[in-house]
Structures are given as C-alpha cells and as structure tokens.
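Right, one structure below, let's go through it.
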Amino acid sequence: MAIQRKGLAQRRAAAGFTQESLAEHLNVDRTTVARWEIGELTPLPLKQPALAKALAVTLDRLVELLHDGADTVDASCSGVPVRARVTMSGAGSVAEIRATAQAFQTADRQLGGGVLYESVAHYLSQEIGPRLLDPAGGPDAADLFSAAASLTEIAGWMSHDSGQDDRAHKHFNRAYRLAKAADDATLSGNACASMAHLAVELDQADDALRIASVGLGCTPATEGTKQLIARLHAMRARAFAIQVNRTSCINALKLAERVLQDASDEGKADWIAVFDEASLASEASLCFMQLAEYSEAELRAKEVIRLRSGDRVRSRAFGQLTLANVLLRAGRVEEAAMLGQEVCMLTRSLSSARVTRRIHDLAGALQAVSSGPEVTEFVALVQPTAVEERRTTAWPV
C-alpha cells in the first residue's frame with residue numbers, strides 16, 4: 001500500500017530509524033508504525049510526545065506530519081482501530097474525545113501528571129479548541145463543550161499532580177465555565193469537586209466548604225450522579241477536619257458513605273470522575289489523621305492499600321504515605337520509615353510532584369525524631385528536588 005504520510009516516513013528515516021526499530025523504541029508493533037505512515041491510523045495523543053522526541057521534532061511539527069495525506073484519527077484506547085473522520089462537530093468527534101480522555105486517564109494512573117500534561121494541553125489547543133470555535137457547531141455543540149470541560153479538568157489534575165497548583169486552578173476554573181456553557185449541571189458539580197479538593201490541599205477550608213456546597217446544590221439527583229455527590233460530601237468532610245470540627249466531619253463522611261453505598265447499583269454519568277470505596281477510604285484516612293484519631297486513620301489507609309492494586313500506582317502510594325504518617329504520629333517510627341522505603345521503590349517511574357512532596361515531608365518528619373538505620377536508609381532513597389511554593393488563589397464560585 002502506498003505511503004500517504006511521506007513526510008513522516010522521511011523524518012523517521014532521517015532520524016535513523018527503520019519501521020522495526022522505531023516500533024521497538026516506542027513499544028508498539030511494526031505494523032502500527034506502518035499504518036501511521038500509510039495514513040490508516042494516527043498515534044493517540046499520549047503516544048505523540050514520545051514519537052516527536054524520537055523523530056527530533058516539536059509536537060506542532062509532528063501534527064503537521066500526521067496531517068500530511070491523512071484525514072482519519074484512531075479513536076481507540078484499546079488497540080482496536082475506530083476510524084473517524086476529523087469533523088468539527090458531531091457524535092464521531094465527541095466519541096473521539098471521550099476515547100482520548102479515557103486513554104489519558106489510564107496512562108496517568110501509571111505515569112503521573114508530569115509526563116502527560118503537555119500532551120493533554122496540546123490536544124486541547126490543537127484538537128478541541130478549533131471544534132469549539134466552529135460556527136457550524138450544530139446540535140452537538142453542547143456535547144462538545146461538555147467534552148472540552150472534562151478534558152480541561154483532566155489537564156487541571158495533571159497540573160496539580162505536577163506541582164503546578166496555580167495552573168491547576170486555572171484549568172479547574174475553565175472547566176467549570178465550560179460546563180456552565182454546556183448547561184451541564186452534573187459536570188459543573190464535578191468541576192466544583194475538583195476545585196474543592198484543590199482548596200483543601202491549599203488549606204483553604206472555608207473556600208472548600210463553599211465550593212463543595214455549590215457543587216451539591218447544582219448536581220441533580222439523577223441516574224449516575226451518586227458517586228459525585230458522595231465525593232462532594234467527602235470534600236466537605238476534609239474541610240471540616242482542617243477546622244478540627246469533628247462532629248461535622250464525621251457527619252459528612254457518613255453521608256458520603258451512605259450515598260456511595262446506594263451508588264453500587266447505578267451506572268456513572270458521562271464525563272464524571274470515578275469515586276469509589278477506595279477513594280472514600282483515602283479521604284477518610286486523611287480526615288481521621290487530621291483529627292488525631294490514629295487507629296481509625298490506620299484502618300482506612302490500610303483499606304486504600306488493599307483496594308488499590310494493579311495499575312493504580314499513584315493511589316496506592318498516597319495510601320501508603322498516609323499510613324506512614326499515621327504510624328509516625330503514633331510513635332511507630334521504624335514502621336513508618338520502612339513503608340517510606342517501599343513507596344520510594346514503588347514510584348520510581350512515577351512523575352508526581354504530589355507524591356514527591358509527601359515523600360520529602362515524611363523524610364523530614366522522620367529525621368526530626370530519629371537517626372535510626374531504617375530512617376537513614378529511607379532518607380538515602382529520597383531524591384533531592386525543588387518543590388514549588390503553593391499560593392492562595394481565588395475561585396469562580
């Protein structure tokens with residue numbers, strides 16, 4: 001079959017790769033590279049940064065090469081091609097965005113936001129932006145705005161995970177406004193949950209409570225929204241814990257647990273983040289640690305670790321770090337240090353400033369109370385890094 005993307009094939013040869021060697025370098029099949037070059041498939045956005053690096057071109061230049069002689073995209077996140085013409089609106093383009101968003105989220109769980117943010121930002125500016133500005137948006141324009149809001153929120157989480165909280169705030173703010181433009185109340189509530197989480201991380205308890213309450217007020221009690229409602233109650237619990245308001249915190253956690261139990265027999269609304277049993281256990285463990293109720297915090301953190309296996313590397317690491325901090329505060333220094341060592345080994349390939357920050361905080365706290373061999377060994381594993389200052393931000397609600 002004739003090569004349609006001649007520029008891509010020529011750039012690959014100029015970079016010193018055969019189809020076979022490039023496929024091996026990118027951990028894909030040779031036939032996948034061949035299909036890229038004949039225009040039958042387009043690399044998923046999460047593969048494009050590695051491809052651009054291998055070919056020694058910018059992402060913008062790679063996009064030009066991929067558009068040379070091809071008008072299809074691979075909307076599959078499973079390896080089975082779903083060929084869809086790149087139109088400016090319609091069900092196909094929304095399905096493409098959904099598949100791409102799912103692929104980004106799957107990779108993000110394993111790699112961390114620091115690896116994938118540029119790919120998401122590029123996809124938003126080069127693929128989503130032009131579709132939103134198309135004057136012939138048609139009846140699916142609202143769906144495109146919802147899709148854009150969801151992917152913008154994903155970009156916010158990746159920014160947060162890479163330590164760029166100001167940038168995360170801007171993305172969450174924009175996601176909220178896009179959801180409003182789509183007249184999507186559920187997605188607006190989802191953006192509120194993310195903003196409330198960031199406010200909690202910045203110790204802005206009053207803001208977190210207000211934002212979570214707005215989210216609860218705008219989220220409809222319809223099929224598929226119970227996980228989101230549980231998540232918003234959990235954010236309120238975290239804010240109450242910061243305020244050391246135990247009664248309100250426990251009541252909010254109980255509400256979240258009750259709603260989440262009711263969610264077990266329903267599907268999930270479109271574009272809404274998953275909030276499951278492990279998610280709630282993670283938030284609860286942090287609440288109880290904040291309230292200095294270490295036995296309960298330990299139980300919840302162990303539940304996170306039990307439930308988060310497989311590809312959920314970052315979530316499991318957070319559970320382990322919470323448990324390590326609980327053990328430290330309970331005076332079990334050696335156990336905390338050994339768990340810290342395990343996290344360091346687990347997250348070697350994870351690019352997450354949030355995880356790195358917590359590892360460094362744990363190392364500093366352990367060094368302040370002990371110079372034992374377990375602590376010394378853990379500290380030796382901790383890589384030096386610059387952690388950016390976190391600043392207070394204003395919110396759109």
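Quick note: residue numbers are just sequence positions, from 1.
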Heavy-atom count check: over 12 atoms from other residues, nucleotides or ligands less than 6.0 Å from [X] [atom1]?
X	atom1	result
Q126	CD	yes
R11	CZ	yes
D265	CG	yes

Can you find a heavy atom in the side chain of [X] that is under 4.5 Å from one in the side chain of [Y]?
X	Y	result
F172	H197	no
D161	R314	yes
Y117	H171	yes
R5	I38	no
I250	F240	no
W157	L198	no
E153	Y176	no
C287	R300	no

Qualifying residues under salt bridge (charged side-chain N to carboxylate O under 4.0 Å, His left out), relative to [X], sequence neighbours excluded:
X	answer
K180	none
E283	R238
R316	none

Can you name the nearest heavy-atom pair linking [X] to [Y], along with the distance?
X	Y	answer
I229	P220	CD1-O, 4.4 Å
L228	T186	CD2-O, 3.3 Å
L362	A336	CD2-O, 4.3 Å
G156	A168	O-CB, 3.3 Å
L366	A337	CD1-CA, 3.8 Å
T376	S371	OG1-O, 3.5 Å

Mind checking the [atom1]-[atom2] spacing from [X] to [Y]? Nearest 0.5 Å is all I need.
X	Y	atom1	atom2	result
D361	T356	CG	OG1	10.5 Å
L202	D207	CG	CG	9.5 Å
L232	C192	CG	SG	7.0 Å
Q204	D206	CD	CG	9.5 Å
E277	Q227	CD	CD	11.5 Å

Original post:
Looking at residues at least two apart in the chain, or sitting in another chain, which of them share a side-chain hydrogen bond (donor to acceptor under 3.5 Å, both in side chains) with E293?
Top reply: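 Testing E293 for side-chain hydrogen bond (donor to acceptor under 3.5 Å, both in side chains), a comparison that skips the adjacent residues, returns R246.
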**OP:** Using side-chain hydrogen bond (donor to acceptor under 3.5 Å, both in side chains) as the criterion, list what pairs up with Q320, not counting sequence neighbours.
**Re:**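 For Q320 the side-chain hydrogen bond (donor to acceptor under 3.5 Å, both in side chains) partners, ignoring immediate neighbours, are E342.
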Subject >> Whether S370 side chain and Q367 backbone form a donor-acceptor pair below 3.5 Å >> reply: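 Pair absent, no side-chain N/O of S370 close to backbone of Q367.
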Checking side-chain polar atoms at under 3.5 Å, does [X] have a donor or acceptor matched by the opposite partner on [Y]?
X	Y	answer
S194	R231	yes
N325	R329	no
D276	S279	yes

Original post:
What residue pairs, at least two apart or across chains, pass salt bridge (charged side-chain N to carboxylate O under 4.0 Å, His left out) with a residue in residues 249-263?
Top reply: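 Salt bridge (charged side-chain N to carboxylate O under 4.0 Å, His left out) check on residues 249-263 returns no pairs.
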